[in-house]
2 protein chains.
Amino acid sequence: MNLRELSEILGLSQTTVSRALNGYPEVAEETRRRVREAATTYNYHPNNRARSLATGRSMSIGHVIPVSTQHEIVNPIFTDFISGAGEAYAAAGYDLTLKMVSDGDEDEVYRDLANRGSVDGVIVHGPRVDDRRIAMLSELGLPFVVHGRATGSTREYSWLDVNNRRAFYRATSFLIDFGHRRIGLINGIETMDFATRRRTGYREALEEAGIVPCPELIAHGEMTERHGYASARQMLNDAMPPTAFVVASVICAIGVRRAVQELGLIVGRDVSIVIYDDDLSYFKSGDDIPVFTAVRSSVREAGRNAANMLLDIIAGTGDAPRQRLMEAELTVGSSTGPAPDLAPHRQRG
Amino acid sequence: MNLRELSEILGLSQTTVSRALNGYPEVAEETRRRVREAATTYNYHPNNRARSLATGRSMSIGHVIPVSTQHEIVNPIFTDFISGAGEAYAAAGYDLTLKMVSDGDEDEVYRDLANRGSVDGVIVHGPRVDDRRIAMLSELGLPFVVHGRATGSTREYSWLDVNNRRAFYRATSFLIDFGHRRIGLINGIETMDFATRRRTGYREALEEAGIVPCPELIAHGEMTERHGYASARQMLNDAMPPTAFVVASVICAIGVRRAVQELGLIVGRDVSIVIYDDDLSYFKSGDDIPVFTAVRSSVREAGRNAANMLLDIIAGTGDAPRQRLMEAELTVGSSTGPAPDLAPHRQRG
DNA sequence: CCGCGCATCCAAAGCGCTTTGATATTTGTT
DNA sequence: AACAAATATCAAAGCGCTTTGGATGCGCGG
């Protein structure tokens with residue numbers, strides 16, 4: 001059942017039927033009612049492909065998700081981010097086109113998306129320092145919103161980010177206030193913009209307290225359990241092991257906890273852990289006292305906000321570029337406590 | 001730059017240019033070369049929307065992801081499944097349209113996808129027992145592949161599944177062989193088809209060993225850390241606590257481990273854990289001795305296989321429906337050991 | 001030298017919708 | 001009563017591509 005057939009059945013022109021269904025004012029209410037009714041009985045649904053071609057809009061937003069080439073790792077936060085964004089799209093009648101793409105081919109994919117007109121806009125994930133994609137997308141004229149920021153990009157662009165610097169400043173300060181002096185940072189991949197901001201916040205807190213940041217206490221890597229475990233394990237085996245960790249995600253923290261426990265140490269007593277928590281749906285603690293002390297900001301909410309921002313830009317409402325900085329909240333859980341005295345771990349407990 | 005403009009520049013008809021670029025044989029090689037060259041220099045890319053309309057294919061596959069209404073939980077395995085599927089789509093020039101949808105509205109979304117022709121096929125996620133979607137999709141005539149199966153569906157359909165029953169049979173038998181008699185099952189949501197199969201496998205192993213399955217030792221729920229923790233905690237507080245657990249996912253197992261440790265017990269000694277492992281990219285242990293003893297099957301590979309199966313069906317190669325059952329492999333890790341003697345846990349260690 | 005087959009290319013008809021520019025028809029104004 | 005202004009409808013022109021059903025020209029055997 002297509003528009004022509006339906007209009008013939010109704011004895012109306014395609015114009016009128018189309019307008020009736022799309023809510024245009026220049027059609028009599030009585031006619032509109034008739035048309036709507038017929039559309040239901042004959043199970044008419046406008047063909048999306050045809051509509052797209054006619055309107056010039058694809059009613060779809062692209063998300064390009066980087067997949068780590070070496071280990072085929074996808075950052076688990078995408079599930080929640082996209083589920084937040086998906087809500088916004090559903091409400092606005094948009095679809096979500098997903099491209100999983102290995103690190104190198106990203107440029108190509110964005111360009112393709114724009115050139116072939118398969119999407120009306122994109123969300124840029126995982127921006128790196130000096131990310132080229134921002135310049136490229138600006139030139140292509142495809143509306144976009146960056147989840148995160150790209151330090152070093154000269155031009156203005158739209159982004160939504162968490163105040164990573166401040167979040168890690170607070171997390172680190174919190175530990176310092178508890179008397180910790182040797183604090184390990186288990187961070188994301190070094191070239192990622194968010195990771196540099198987090199490191200900056202961590203460093204600022206240390207320096208403010210007169211502590212010299214120590215390169216052995218900083219680890220970069222994928223957001224995996226293994227990365228958390230391996231990094232923590234290595235630091236804890238050092239001659240001067242840390243008494244606390246600031247960890248960039250719950251997943252990594254699970255690994256850190258495993259490492260700590262394997263050495264017979266107790267989290268929250270011998271070793272403190274503060275995490276950055278994306279509030280992932282399947283890792284919410286929900287208890288009165290959270291498992292991990294955390295600086296938390298919902299990545300699902302970030303997704304929803306970023307999506308709405310992009311939809312606004314596409315609709316032409318308000319002026320792009322727009323920016324939004326979300327703040328993370330500190331919640332004290334049971335993974336932190338005062339720094340143990342200076343004796344090495346192994347002799348305690 | 002569109003086809004008309006390009007063809008005018010070249011002094012050729014649109015037909016010829018289109019055919020040249022799409023590799024049809026009825027165009028001279030020399031001409032094809034000229035056309036290709038011009039396409040590059042003028043940066044011509046066929047518009048996807050127009051192409052879709054003309055061909056009647058959208059070159060896009062739909063994935064409808066159920067989002068738990070109550071807690072906005074998305075099963076974390078989707079990231080990996082989709083990243084596997086995405087590979088297959090990219091290779092075949094297909095896009096991936098993602099719909100995040102709250103439990104109730106699923107039917108509507110599938111119907112819409114089919115009626116409006118926005119996708120050429122769909123992957124059905126999270127099938128439940130007697131799932132209505134299968135009948136619906138068959139009637140709609142939209143090609144589909146189910147990830148999992150739906151017990152009770154009378155008609156034939158295409159699916160790709162893991163042998164969940166056997167996997168859980170093996171996991172449970174493994175523990176029984178180690179002398180465990182009280183084995184807890186931390187399962188997925190009860191109405192999910194995979195959960196019923198897993199329970200069946202678990203029960204069969206118990207019964208075969210002459211153990212009467214005990215309802216207090218079976219828990220159903222979302223695949224969250226919290227579910228694992230809460231369920232394990234409750235079972236362990238029982239008068240007759242289990243000495244081992246079979247757990248439906250790593251995420252849950254993290255929670256189980258937390259519960260075990262909180263009670264001062266040691267995993268692999270006081271309490272054994274076998275998990276079903278989807279081989280999630282961010283939870284791979286990668287060590288020589290894996291953290292958890294597991295029955296493992298890569299969900300990423302499942303995604304790739306399901307996608308290829310669907311693409312085959314769409315291409316009309318071979319005959320639908322097709323089925324494929326993947327087997328899970330048992331890997332022994334350090335989370336399992338012989339059953340402790342019959343004295344209650346609290347008096348040991 | 002004719003006609004047949006092959007290799008190339010083309011004009012034009014869609015695909016199913018939106019939207020522009022007109023055309024009837026009715027209502028309101030003086 | 002006459003004319004302007006709404007109101008309700010329509011025919012037809014795209015949107016940019018693919019594809020059908022010819023054309024055209026050329027080589028070649030008879």
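Residue numbers start from 1 in every chain, and the chains themselves are labelled A, B, ... in the order their sequence lines are given, proteins ahead of strands.
For the residue pair B:His45 and B:Asn43, a side-chain donor N or O sits within less than 3.5 Å of a side-chain acceptor on the partner.
Sorted by first and then second residue, the side-chain hydrogen bond (donor to acceptor under 3.5 Å, both in side chains) pairs involving residues 73-85 of chain A (not counting sequence neighbours) are A:Thr79-B:Thr79, A:Asp80-A:Ser281, A:Ser83-A:Arg300.
A:Asp130 and A:Ser153 make their closest contact through OD1-N, 4.4 Å (heavy atoms, listed as atom of the first residue, atom of the second, distance). Taking every heavy atom of both residues into account, A:Ile82 and B:Met100 meet most closely at O-CG, 4.0 Å.
Computed from coordinates, the A:Leu3 CG to C:dC15 C1' distance equals 13 Å when rounded to whole Å. When rounded to the nearest whole Å, the span between CG of B:Asn47 and P of D:dC15 equals 12 Å. One atom, CE of A:Met1, and another, P of C:dC17, lie 11 Å apart when rounded to the nearest Å. As a whole-Å value, the separation of A:Arg49 CZ from C:dC15 P is 13 Å.
At a non-hydrogen distance threshold of 4.0 Å, B:Glu26, B:Val27, B:Ala28, B:Thr31 from residues 24-46 of chain B come into contact with DNA chain C. Of all the residues in residues 4-21 of chain A, A:Gln14, A:Thr15, A:Ser18, A:Arg19 reach under 4.0 Å from DNA chain C with at least one non-hydrogen atom. Using a 4.0 Å cutoff on non-hydrogen atoms, the parts of residues 51-62 of chain B near DNA chain D are B:Arg51, B:Ala54, B:Thr55, ordered by number.
Ring pair B:Phe144/B:Tyr157 is parallel by interplanar angle, where below 30° counts as parallel and above 60° as perpendicular. Ring orientation note: the planes of A:His147 and A:His125 are nearly perpendicular, at an angle over 60° on the 30°/60° scale.
Checked against side chain to side chain contact (heavy atoms under 4.5 Å, CB included), B:Ala54 has no partners two or more places apart in sequence or in another chain. Judged as a ring-ring contact (aromatic ring centres under 6.0 Å, His included), and not counting sequence neighbours, B:Tyr282 has no contacts.
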Exercise. Taking it one step at a time, do A:Thr97 and B:Thr97 satisfy side-chain hydrogen bond (donor to acceptor under 3.5 Å, both in side chains)?
Worked result: CA-CA 5 Å; A:Thr97 296; B:Thr97 296; 4.5 Å; no
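For the atom pair CE of B:Met326 and CZ of B:Arg324, the computed distance is 6.0 Å after rounding to the nearest 0.5 Å.
Contact annotation: B:Asn22 reaches the phosphate of D:dT18 (side-chain N/O to OP1 or OP2, under 4.0 Å).
The side-chain contact (heavy atoms from CB on, under 4.5 Å) test with B:Arg19 singles out one residue from B:Thr16, B:Thr15, B:Asn22, and that residue is B:Thr15.
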